Every structure is written in C-alpha cells, then in structure tokens.
Number of protein chains: 2
Amino acid sequence: MSNPTMAGSGKGGRAPRAKSAATIYDIAELAGVNPSTVSRALSKPGRVSAKTQQKILDAAEELNYHVNIFARALPTGKTQTVGLIVADITNPAFFDIIRGAETAASDRGYTLMLAESTESAEHELTAAKRMLATVDALILASPRLADEEIQALARKKPVVVTNRRVAGVGSVVADTEAGVADAVRHLADMGHGSIAYVAGPDRSWMSRLRWETIKERCDWHGIAVATVAAGAPTVDGGRRAAAVVRKAGATAVFCYNDLMAIGLMRELQAAGMNVPGDLSILGFDNIFGSDFTTPPLSTIKSPLRELGVAAMAMVLDETVQESGITMESTLTTELVLRGSTGRAAGHS
Amino acid sequence: MSNPTMAGSGKGGRAPRAKSAATIYDIAELAGVNPSTVSRALSKPGRVSAKTQQKILDAAEELNYHVNIFARALPTGKTQTVGLIVADITNPAFFDIIRGAETAASDRGYTLMLAESTESAEHELTAAKRMLATVDALILASPRLADEEIQALARKKPVVVTNRRVAGVGSVVADTEAGVADAVRHLADMGHGSIAYVAGPDRSWMSRLRWETIKERCDWHGIAVATVAAGAPTVDGGRRAAAVVRKAGATAVFCYNDLMAIGLMRELQAAGMNVPGDLSILGFDNIFGSDFTTPPLSTIKSPLRELGVAAMAMVLDETVQESGITMESTLTTELVLRGSTGRAAGHS
DNA sequence: TTGTAAGCGTTATCAC
DNA sequence: GTGATAACGCTTACAA
C-alpha cells in the first residue's frame with residue numbers, strides 16, 4: 001500500500017488493458033484435441049477419458065483459462081446468478097437477509113445481484129424486469145408489488161418472496177405468532193389494558209399480518225387495541241406518528257418495525273414523555289442498533305439471516321423447481337425484552 | 001394481495017415458464033427489413049431512416065422485445081453492469097456509498113452488482129475476480145487488497161477505489177483534513193491535553209490516514225496523542241478496546257469509525273464511566289444510528305453518498321477511461337458535534 | 001440507407 | 001470416447 005501521506009489530487013499514468021483471454025480453441029490446440037472435447041471435459045467431467053481430461057486440465061491451467069459466461073449463457077440461458085430485490089438497503093432489517101442469501105448463493109457457486117426498490121412498487125417492477133433478463137432466479141424481499149405482478153414474474157423465472165404469501169409462488173415468512181403471543185401476554189401481565197399499533201406502508205403484507213396477529217392476541221386477552229397510525233417504515237415515519245400515538249391514550253404501542261419504534265420513541269422523549277414509564281414501546285425485527293437507544297428497545301426478533309438462506313435455498317432447489325410444486329416455509333420469531341417496555345402507567 | 005390470514009404452510013400449483021423471447025429476427029420479419037437494420041435501429045438510433053426506425057420500434061413493442069444482453073455481450077464485451085465490492089454490508093457507512101453508486105449507475109443505464117468481502121483481502125480478491133468477468137467496470141470501496149493486486153485488476157477493466165490511494169488507479173477519498181482540524185481545535189478549546197486513537201484494521205489505508213492527520217493536528221496544538229489500540233471496525237471491536245483506552249488515561253479518544261466509537265462508549269458506560277464527563281469520544285463517518293446513543297455521538301462526517309456517486313461517475317467516464325489518465329478526487333469532511341464530547345475531565 | 005455475411009465462445013446433436 | 005458442425009442472438013465491417 002502506498003503511504004497515506006502521499007495522498008493528493010492529481011493524475012498519473014495508467015496501465016493498458018490486457019489482451020483477449022484464452023478460449024477452448026486455444027486449449028484444444030495445445031492439448032491436441034477437438035474444441036468440443038474441451039467443452040465436455042470442462043463442463044461435465046466424466047464424459048471424457050481420464051488422460052485427455054488431464055491433458056485438457058493442464059492446458060487450461062497453463063493458459064489461465066476462464067469460461068466466458070456470456071458465451072456459455074447464450075446456448076444454455078444459465079448465468080449462475082440470482083437477483084435479490086429489497087425495499088430499502090438502508091434498513092438494517094435487510095442486512096442479514098442479504099448476508100444470508102449471499103452466503104447461500106456462493107456456497108452453491110452462484111453470484112448475488114442486488115437491487116433496491118426504495119419502497120416503490122414501480123421501481124421494484126423496473127428492477128425486477130431488468131434483472132429477469134440476466135439472472136437464473138429472483139428473490140423478492142418484502143415486495144410491494146401486487147400478487148398478479150409477482151405471479152407474472154414467476155411465470156418467466158423461478159421466484160421466491162420473503163415475508164409475503166402469494167398464491168403459486170414460493171415463499172418464506174417469519175411467523176409472527178410466537179413472538180406476538182409472548183409479547184401480548186407479557187403486556188397483559190404488566191397491566192396494560194389499551195394497546196396501539198403503528199402500521200407500516202399500506203402495501204406491506206407483513207404489516208397487515210402483524211396487525212392481525214396482534215389484534216387476535218389482544219382480543220384473546222381482553223385488551224383494547226387499535227391501529228392509530230400508518231407511515232413509512234423508517235425512523236422518520238415513526239417520528240411522524242408520535243403526535244397521534246400520544247393522543248391515542250394507549251399504555252403500550254407496537255410499531256410495524258424497529259426503525260419506526262426508534263423514531264417514535266425519540267420523538268416522544270423529546271416531547272417530555274417517559275419510556276416505558278408513560279408508554280411501553282415494542283418494535284419488530286431486532287435490527288442492528290435497536291439496543292443503542294435509551295432505553296434499549298424491546299422487540300420481536302425475526303430470523304433475518306435464516307430468511308435469506310431459506311429463500312436462496314428454495315429458489316435454487318432444482319427438484320422443487322422442476323416438480324412445479326410451490327413451497328411455503330415458515331420460520332419462527334422470538335420476543336426480546338429490553339428496556340422500552342414496563343408496567344402500565346398508573347399500574348402498580 | 002392475498003389476505004395475510006390465508007398464511008399457512010403447504011403447496012400449490014405453479015405456472016409454467018414462458019416460451020422463448022422475441023429476437024431481432026422476429027422483429028425483422030414483422031417489419032419487413034433485415035435483422036442488421038433492426039440491430040442498428042435499436043442500438044444506435046440515427047443510422048436508419050425515420051420511417052423504418054418507427055416500423056421497427058412498433059414491431060419491437062408489439063413483440064415485447066428485450067435485448068438479450070448475453071448475445072450482445074459476446075461480440076462487444078460490454079454488459080452495462082458495474083461491480084461494487086464493499087468490506088461489510090452490515091456497516092452503515094457503506095449504505096450511502098451503495099445508494100450513491102446505484103443511483104449514478106442507473107442514471108446512466110447501468111446495473112449495479114454488489115458483493116462484500118467481509119473485511120477479508122482473500123474474499124475480496126475472489127469476489128473481484130469473479131465479477132471482473134461479468135462487469136464493465138469495478139469499484140472497490142475501502143479495499144483491503146495490496147496495491148499490486150488492485151493494479152493488476154485495473155489492468156483488465158476500469159477500476160476506481162474509494163477511501164484509498166493507489167498509484168495509477170482512479171480514486172475518490174474523503175479528505176480527513178477539514179473535519180479533523182476542526183475536531184482537534186475544539187478539543188483543545190475544551191482543555192483536552194491528552195488524546196488517544198483507536199485504530200481500525202491494519203490493512204485499512206483510511207485508518208492510517210486518519211491517524212496521521214490526527215497526529216499532525218495534535219502536534220500542532222501541542223496535545224499529547226497516541227494510538228492505544230487497533231481492532232475490527234465494528235461495535236465489538238470498539239468494545240474490546242475499552243480496557244486499554246481506560247488505562248491510557250487520555251481525556252478524549254478518536255475512534256477509527258462510528259461503529260467502534262459506539263462499542264467503546266457503551267462498554268465504558270457499562271463499566272461506570274461517564275461520557276463525556278470522564279472521557280470525550282469521537283467517531284468518523286456519521287453513520288445511521290450514531291445519534292441514537294446516549295449521549296449522541298460526536299463525529300466527523302464523511303460525504304458517503306457523494307463518494308459513491310463520484311466513484312461511479314469516474315469509473316464510467318469514457319473520456320477519462322480512453323485518455324489513460326488517472327483521476328484522483330477528494331471530497332470534504334465536516335465536524336458534527338453532539339453529546340459525546342465535552343470539557344476535559346477536571347477542567348473548568 | 002439497407003442488406004450480406006462473418007464472427008463472438010460455448011454447448012448440443014449428430015456421426016464415427 | 002471423440003470429432004464435426006450447427007445453433008444461441010447480436011454486432012459490425014463491407015457491399016450494394
């Protein structure tokens with residue numbers, strides 16, 4: 001490495017690009033065989049005699065040969081690439097999904113191609129269509145697209161969605177049931193009698209599922225519950241919900257995700273409210289940084305990484321793809337109690 | 001969207017894949033012209049008469065034509081794709097770089113291909129080599145590779161690095177000068193006489209630059225300064241530095257990045273120290289979440305998004321690429337004072 | 001302005 | 001087991 005103190009603005013020479021790479025013809029010549037034999041030896045080992053195989057391998061090594069994936073893709077249509085579209089790269093909830101998917105992909109010799117839809121169905125469709133031309137398969141993480149659009153994509157290439165169910169399309173979702181059940185039970189124990197929900201984007205299937213699960217558990221415990229606001233699934237979205245939440249008069253509030261919960265909490269605190277003294281706050285996902293706040297956020301943890309791994313495994317699973325069966329897999333969530341939840345206000 | 005309550009595990013039918021896509025031959029037939037004319041009309045408009053152009057466009061539209069980028073890539077070698085390798089997708093400092101690069105890419109009709117090296121030079125090289133076969137250009141964000149390796153990559157395709165200078169390779173770096181100068185001056189004003197630096201990875205060029213700049217400014221102000229620890233550029237890395245920092249006896253500490261600063265601060269607080277009362281802490285970058293902590297982190301803000309935009313612009317700038325000139329561009333940093341810095345302990 | 005034809009590097013389908 | 005040879009879909013001189 002050159003020395004940092006050498007830093008400065010300016011220009012310098014640049015090395016020229018390398019000449020064209022070796023092809024199977026070069027190998028064929030060097031090994032004294034036919035190009036098609038080289039192709040066989042390199043792509044499906046076993047269809048060629050042991051000694052020619054070795055000659056070819058040696059020649060390839062010597063010439064520093066690498067397949068041209070475009071040339072290969074032309075007849076086969078396969079690129080060893082899979083696309084992943086996330087709503088927002090900036091949302092830490094997607095990190096581990098991306099990580100999991102990337103790991104699972106490279107384990108299988110595939111490369112990940114990442115795009116973001118910036119929470120817009122339109123961008124998502126554009127990105128999906130552009131990718132579809134290039135990739136062997138596509139994963140849609142928390143898509144904002146309509147069912148029909150997703151089904152249309154799935155008609156062209158294998159598609160798997162995460163945190164969403166779409167008829168006829170493979171999917172893996174984090175089950176909200178377990179985490180929410182524990183959370184509501186805990187709140188009931190702490191004397192909370194009125195709970196609010198701050199929803200995410202209208203198009204978010206997961207926001208609706210979370211709400212329905214919360215509602216169901218609250219009804220079961222005889223706790224009053226209502227959706228009091230909806231907004232962008234961001235810190236800012238949470239902030240903007242603060243006024244309404246405050247007026248709602250609940251003693252505890254679930255937010256669609258941790259980002260919103262953090263924004264809400266900070267805005268409320270800035271307005272002089274005490275968390276959890278005046279209000280208990282819960283998020284979803286357990287993202288990076290959700291324990292940085294004061295108090296640290298209580299949340300319902302999603303198995304993010306596993307979601308990514310499972311989605312990749314599913315979309316690349318040949319037997320499933322061939323069979324025409326639609327897989328649906330469910331991973332479980334877990335309550336993580338930290339400092340943002342406590343006894344109901346005025347409850348001893 | 002299907003209803004969330006429909007969620008469940010099971011199987012279902014799956015639609016069959018669509019038949020093969022339309023080619024320029026299909027268009028040619030439909031429009032009554034030669035395939036090569038179609039190619040011209042579609043790739044370089046203007047080389048064809050207005051009316052045939054229109055006929056071809058209509059036919060393409062009707063057939064829902066999309067170029068096969070592999071077929072195109074074969075003769076041209078161009079894929080309209082650029083690779084970006086980051087050290088760690090999980091580090092919020094890279095978000096905005098990614099965002100900026102992605103925006104700049106799609107503005108120019110390019111697609112971003114993302115990979116992470118997980119802070120390992122070896123993984124980085126693997127990813128870079130794999131990508132190089134596919135992309136038109138490559139951006140290395142804070143690479144851990146040796147200069148020679150980067151130069152070798154740059155010999156094959158256009159390469160630009162961020163936050164690093166490599167002889168003969170395009171680069172864009174966030175100048176530490178401005179931010180550090182302000183920060184050290186501020187600390188001097190607050191009575192700090194002894195400052196510590198917690199370094200990042202050994203291979204980080206930026207960590208060394210930051211240290212050198214800090215050292216220089218401290219010397220200038222007559223403040224004692226020393227690197228007291230080094231570690232992974234993560235929250236955990238910062239945590240592990242806590243014991244040493246405490247023993248160092250400085251009244252203020254710069255950390256290589258915000259992640260480390262957050263980890264250090266939390267660990268120190270857990271051990272009963274008061275920030276900034278007993279110790280002032282500063283990070284670098286101003287990442288998402290650096291204001292979530294209590295106290296919120298003071299930091300030297302990097303123009304992350306602009307870094308991504310500039311890198312993409314540079315690596316795709318044809319005139320620069322052709323000319324063989326190496327560009328080096330520098331963006332400026334800025335001190336962001338929040339709650340983690342204050343008067344020196346025992347100073348009134 | 002438009003048509004002809006020769007690749008680009010692989011894979012796949014034949015024979016042998 | 002191995003060798004010819006025709007695709008794959010597009011670009012690009014070169015002719016017309």
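Reckoned from all heavy atoms, side chains included, excluding hydrogens, waters and symmetry mates. Every value quoted in this text rests on a predicted model; they were computed, and no experiment measured them. Residue numbering restarts at 1 for every chain, and letters A, B, ... go by the order of the sequence lines.
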- Query: B/Arg72 has an atom CZ; how far is it from atom P of C/dC8, in whole Å?
  - Reply: 19 Å
- Message: Rounded to whole Å, please give me the gap between CZ in A/Phe70 and C1' in D/dG9.
- Response: 14 Å
- Task: Calculate the interatomic distance between B/Gln80 atom CD and D/dC10 atom P; express it in whole Å.
- Result: 15 Å
- Item | N/O (side chain, A/Thr52) to phosphate O (OP1/OP2, D/dT2) under 4.0 Å | yes
- Any idea which heavy atoms bring A/Leu307 and A/Val173 closest together, and the distance? CD1-C, 4.0 Å
- Message: From C-beta outward on A/Val33, which listed nucleotide comes closest to its side chain: C/dC8, C/dT4, D/dG3?
- Response: D/dG3
- Query: For atom CZ of A/Arg47, is the number of surrounding heavy atoms from other residues, nucleotides or ligands below 6.0 Å larger than 12?
  - Reply: no
- Taking atom C1' of C/dG3 as reference, at what distance in whole Å does atom OH of B/Tyr25 sit? 12 Å
- Message: Could you tell me how far apart B/Ile27 (CD1) and D/dT11 (P) are, to the nearest whole angstrom?
- Response: 11 Å
- Message: Expressed as a whole number of angstroms, how long is the span from A/Leu74:CG to D/dC8:C1'?
- Response: 4 Å
- Output yes when B/Arg165 and B/Asp147 qualify as a salt bridge under the 4.0 Å nitrogen-oxygen rule, no when they do not. no
- Task: Check whether any side-chain nitrogen or oxygen of A/Lys44 sits under 4.0 Å from OP1 or OP2 of C/dA12, and answer yes or no.
- Result: yes
- Query: With ring centroids as reference points, do A/Phe95 and B/Phe95 lie under 6.0 angstrom apart?
  - Reply: yes
- Taken to the nearest whole Å, NZ/A/Lys55 to P/D/dG3 is 8 Å
- Below 4.0 Å: OP1/OP2 of C/dA12 and any side-chain N or O of A/Ser36: no
- Would you say C/dT1 has OP1 or OP2 under 4.0 Å from some side-chain N or O of B/Ser49? no
- Item | Nearest heavy atoms of B/Arg72 and B/Val67, plus distance in Å | NH2-CG1, 3.3 Å
- Message: Can you tell me if A/Asn34 touches the phosphate of D/dA4, counting only side-chain N or O atoms and a distance under 4.0 Å to OP1 or OP2?
- Response: yes
- Query: 5'-most contact on DNA chain D: B/Ala71 or A/Arg47, nearest heavy atom basis?
  - Reply: A/Arg47
- Item | Position toward the 5' end of DNA chain C (nearest nucleotide), B/Thr37 or A/Ser43 | B/Thr37
- Task: Determine: side-chain N/O of A/Thr76 to OP1/OP2 of C/dT11, distance under 4.0 Å, yes or no.
- Result: no
- Task: Just compare D/dT2, C/dT10, C/dT2 and give me whichever is closest to any side-chain atom of A/Thr23.
- Result: C/dT10
- Grab the NZ-P distance between A/Lys78 and C/dT10 for me, whole Å please. 19 Å
